[in-house]
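Step one of this worksheet: look at the structure below.
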Amino acid sequence: MSAEPGQLDTTAHLASWEANADAWIAAVRNRALPSRRITDAALLQRIAHRPYQSLLDIGCGEGWLLRQLGGTAGRRLMGVDACAALIEAAAAAQQDADFVCVDYDGLAQCSSLVGMSFDWIVFNFALFGAEADTAALGFALAHLAPEGRVLIQTLPGGSQEATSCETFAHLPGEWTPMPYQLRSPADWQRLCAAAGGQILDSTIVCDDNGVALSILMEIGP
Ligand SMILES: C[S@@+](CC[C@H](N)C(=O)[O-])C[C@H]1O[C@@H](n2cnc3c(N)ncnc32)[C@H](O)[C@@H]1O
């Protein structure tokens, strides 16, 4: 499916992850993304502030988050992603989590997720699409356990919604440019409302010089 002018081409977005899977796995596992030291810690700290027994990582990539959270008996961890190579790498590196290859539009029909609910459902830099993001967030809100929360970490946006392109030129390896959707705070509010939720907390994560690296949002029904 090709996009209207000014709209994200979701097929191209997902194709870039297929093309970049090996380079992405190396970048994350070799800690080549300096900002991630701060954004990973912010995410882990937020997850830890509420007791939980189950967590679903949507757009989990090569699975670093679930590896960090593994090792606790009785805790149910799941990761889903459209990119088969990333899901294979995640599953190969961790025994105590379940990984499923599915895209956001397929979540509601995914047999592995039927009847499940989670205390946390996390999107870590994984909502860069357009319509598919509304479906994924709606799915997440409908699959929260009582008192459960959706946690989104994303790039600080501009003043209005725009398509952009990440070339990954600052990272080692061969990369295919990734087209993505950049949202403003108002766009995030609209997306949450369209998915049936509301933003309960929004925190800007900064580096030591006060430069904004991400926004961390807690979403509830
Ligand atoms: C920037 S990576 C982040 C991966 C991981 N959350 C992390 O923190 O390293 C974005 C991930 O979202 C996944 N993704 C993007 N759009 C998707 C869609 N429509 N369906 C399923 N996965 C998607 C990509 O395949 C990719 O693995």
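Each residue takes its place number in the sequence, starting with 1. Treat the numbers as computed from the prediction; the structure is a model and nothing was measured. Note that ligands are numbered from 1 as they come in the structure, with each ligand's atoms numbered from 1 the same way.
Within 6.0 Å of CD in Gln45 there are 12 or fewer heavy atoms belonging to other residues, nucleotides or ligands.
Under the salt bridge (Lys or Arg N to Asp or Glu O under 4.0 Å) criterion, Asp57 pairs with no residue, sequence neighbours left out.
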Could you tell me, for ligand 1, which of its N or O atoms are under 3.5 Å from any protein N or O, listing the pairs and their distances rounded to 0.1 Å?
unit_1: ligand 1; atom_1: 6 (N); unit_2: Gly59; atom_2: O; d: 2.7
unit_1: ligand 1; atom_1: 6 (N); unit_2: Asn124; atom_2: O; d: 2.9
unit_1: ligand 1; atom_1: 8 (O); unit_2: Arg36; atom_2: NH1; d: 3.1
unit_1: ligand 1; atom_1: 8 (O); unit_2: Arg36; atom_2: NH2; d: 3.4
unit_1: ligand 1; atom_1: 8 (O); unit_2: Trp64; atom_2: NE1; d: 2.9
unit_1: ligand 1; atom_1: 8 (O); unit_2: Asn124; atom_2: ND2; d: 2.8
unit_1: ligand 1; atom_1: 9 (O); unit_2: Arg36; atom_2: NH1; d: 2.9
unit_1: ligand 1; atom_1: 9 (O); unit_2: Trp64; atom_2: NE1; d: 3.3
unit_1: ligand 1; atom_1: 20 (N); unit_2: Tyr104; atom_2: N; d: 3.0
unit_1: ligand 1; atom_1: 22 (N); unit_2: Ala82; atom_2: N; d: 3.2
unit_1: ligand 1; atom_1: 25 (O); unit_2: Asp81; atom_2: OD1; d: 2.6
unit_1: ligand 1; atom_1: 27 (O); unit_2: Asp81; atom_2: OD1; d: 3.4
unit_1: ligand 1; atom_1: 27 (O); unit_2: Asp81; atom_2: OD2; d: 2.6

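Scanning all heavy atoms of the two residues, the minimum distance from Cys101 to Cys83 falls at SG-C, 4.1 Å.
Looking only at distances, a side-chain donor or acceptor of Arg50 sits under 3.5 Å from a matching main-chain atom of Glu147.
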Hey, can you pull the donor-acceptor pairs under 3.5 Å for the side chains in residues 103-114, sequence neighbours left out?
unit_1: Asp103; atom_1: OD1; unit_2: Asp105; atom_2: N; d: 3.1
unit_1: Asp103; atom_1: OD1; unit_2: Gly106; atom_2: N; d: 3.0
unit_1: Tyr104; atom_1: OH; unit_2: Ala126; atom_2: O; d: 2.6

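Residue pairs satisfying the ring pair (Phe, Tyr, Trp, His ring centres under 6.0 Å) criterion with at least one member in residues 129-163, sequence neighbours excluded, are listed as follows: Phe139-His143.
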